There are 2 protein chains.
Amino acid sequence: MALQNYNSEDKVLLAVDCIIFGFDGKDLKILLIKRDFEPKRGSWSLIGGFLKKEENLDAAAIRILHHLTGLHNIYMEQLYAFSKVDRDPAERTISVAYYALIDIASHDADLIQLDTAQWFSLHDAPDLIFDHDDMVNRALARLRRRALSKPIGFELLPTKFTMRQLQKLYEAILDKKLDKRNFINKFNSLGILEKLDEKDMTASRKGAFLFQFDADKYNAKVEEGFSFKL
Amino acid sequence: MALQNYNSEDKVLLAVDCIIFGFDGKDLKILLIKRDFEPKRGSWSLIGGFLKKEENLDAAAIRILHHLTGLHNIYMEQLYAFSKVDRDPAERTISVAYYALIDIASHDADLIQLDTAQWFSLHDAPDLIFDHDDMVNRALARLRRRALSKPIGFELLPTKFTMRQLQKLYEAILDKKLDKRNFINKFNSLGILEKLDEKDMTASRKGAFLFQFDADKYNAKVEEGFSFKL
DNA sequence: ACAACAAGTGTACAATGTACACATTTTAGG
DNA sequence: CCTAAAATGTGTACATTGTACACTTGTTGT
């Protein structure tokens, strides 16, 4: 902003890379692709692309995610701009990272077709190219904080879920065991879940009641000054 | 990342804009400059500049802050990348915002020389160009959260400060009155302040003891799993 | 010496967090 | 048909933390 004209300033490539988190009922996972082009052909990386002049970053992130995975209507949030000078050996590139949350089961159909993409548990994911490991670590830290202060966990679950699944999700995100009774009591006291009459019969003989997140009730409470704190 | 060569991709100008917060013992302020060039000559804006190819964003933010204000060794943190397509009418520009925290009194000498820059209380700051008001709002939200979870408030105070000053600072950041006894009790229970033998005699006849932030003690406690929560 | 002024200090109660164990429901299999 | 197996579902006592609240202390200018 300091100069009278912008012509003398450097222009750079602006990449968008996406950390896609998924949950399969047990583990927190990330979606990676195997690069079939140079540099670093054959290495694993996040999915990414470049910003076009006529779109903003959110739109670029949505476009890139959709183009490479077929996924629509996915929760995404801007994470951080990574700018180490030599981060991409091919050319000076700044990358703005976004993270996305999806329920793996609900999107299986879209994702099966991807033969270059693969889910990895966070524990046994391969090393990634460039600074992509930094991106994943920062995304994970953000996810952990957000999961405690915003009701974004539901993005990783089917619309209807059992309390057990919800608890397993939080255990996976926070990487620690939680107490069943305390977890359920706390969540119920928030008053943003609707208990359905349906039961999930797949995991036990007794069956477990299904719940769903009530976004209307949540928004109404937020209006009144409520804030989600787990 | 999806293409074999990068040549066909758009390049853009990457700006860095700085939200500079200061505290004068009473109000939380931001430092603004009056633009003396087009577009929007005469309007108030954040200080900013453009990323150069051979530096990363942190370095650019430091350089820009120093170049326009003379300030050194200032706490800065990357905030967010703003990318609305028409945000800068002159040219397609993405801006990565940083926010900085400084103690106004300690840096008076550096800042007096700036005749185009001026401190404004958040309450009566003018409208800013482009999306700079969005930037300030987002920075303020970040500052509020950070002030409760990291000991960054000290960046806005002199090295030695009274409990009263510290409380006033938090009241300014959070924009609400706090209870004196509860505030002091809570802060002392953190065990990261050192009480000095000196008193500040400027604000009362009795005088108020000075304290300073003990970064070593803080870091040691963090190692042991402590985390600052106000 | 006393009035004025900010500094400094503790307690009772409420709200929240945490640890913890057993009864219930259903069906697969003998 | 009866029983065993497996996961669901539920409450309480205690500890910790948060919150509301008022008076005494120390100093100096008049």
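Note that the structure is predicted; figures quoted are calculated from it, not measured. A, B, ... follow the sequence lines: proteins, then strands. Residue 1 opens every chain. Note: hydrogens, waters and symmetry copies are ignored here, and every other heavy atom, side chains too, is used.
Between A:Phe23 and A:Phe21, the ring centre distance reaches or exceeds 6.0 Å. For A:Phe228 and A:Phe226, the distance between ring centers is not under 6.0 angstrom. Not less than 6.0 angstrom separates the ring centroid of B:Phe211 from the ring centroid of B:Phe161.
In this structure, A:Tyr170 and A:Phe187 have side chains that are in contact, with non-hydrogen atoms separated by less than 4.5 Å.
When the local axes at the two ends of the helix from C:dA1-D:dT30 to C:dG30-D:dC1 are compared, using 5 base pairs at each end, they differ in direction by 10° after rounding to 10°.
Rounding to whole angstrom units, CD of residue A:Gln165 and P of D:dA7 are separated by 14 Å. Going from atom CZ of A:Arg181 over to atom C1' of D:dT8 covers 12 Å, rounded to whole Å. Atom CG of A:Asn182 and atom P of D:dA15 are 16 Å apart (whole Å). Remark: P of D:dA4 and NZ of A:Lys206 are 19 Å apart, rounded to the nearest angstrom. Rounded to whole Å, the distance from CE on A:Met163 to P on D:dG9 is 9 Å. If you measure from atom CG of B:Asp200 to atom P of D:dG26, you get 19 Å, rounded to the nearest angstrom. Between A:Asn185 atom CG and D:dA13 atom C1' the separation is 14 Å, expressed in whole Å. D:dT3 atom P lies 16 Å from atom CZ of A:Arg205, rounded to whole Å.
Between A:Glu77 and A:Tyr98, the side chains place no donor N or O within less than 3.5 Å of an acceptor N or O (distance only, hydrogens not considered).
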- Message: For B:Trp44 and B:Gln118: C-alpha separation, side-chain torsions, deciding distance, then whether side-chain contact (heavy atoms from CB on, under 4.5 Å) applies.
- Response: CA-CA 10 Å; B:Trp44 292 94; B:Gln118 193 179 320; 3.5 Å; yes
- Message: Pair B:Lys29, B:Leu122 - check side-chain contact (heavy atoms from CB on, under 4.5 Å), show working.
- Response: CA-CA 5 Å; B:Lys29 304 199 164 187; B:Leu122 281 166; over 6 Å; no
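A salt bridge does not link B:Lys84 to B:Asp131: none of the charged nitrogens lies less than 4.0 Å from a carboxylate oxygen. Here A:Lys160 pairs with A:Glu198 in a salt bridge; the nearest charged N to carboxylate O distance falls below 4.0 Å.
Two residues, B:Arg164 and A:Gly207, neighbour DNA chain C, and the one matched to the more 5' nucleotide by heavy-atom proximity is B:Arg164. Both B:Met201 and B:Leu230 lie close to DNA chain D; mapped to their nearest nucleotides by heavy-atom distance, the more 5′-ward contact belongs to B:Leu230.
For A:Lys180 against D:dG9, a side-chain N or O and a base N or O form a donor-acceptor pair under 3.5 Å.
Extent of DNA chain C lying under 4.0 Å from chain B heavy atoms, first and last nucleotide in 5' to 3' order, is C:dA4 to C:dG10.
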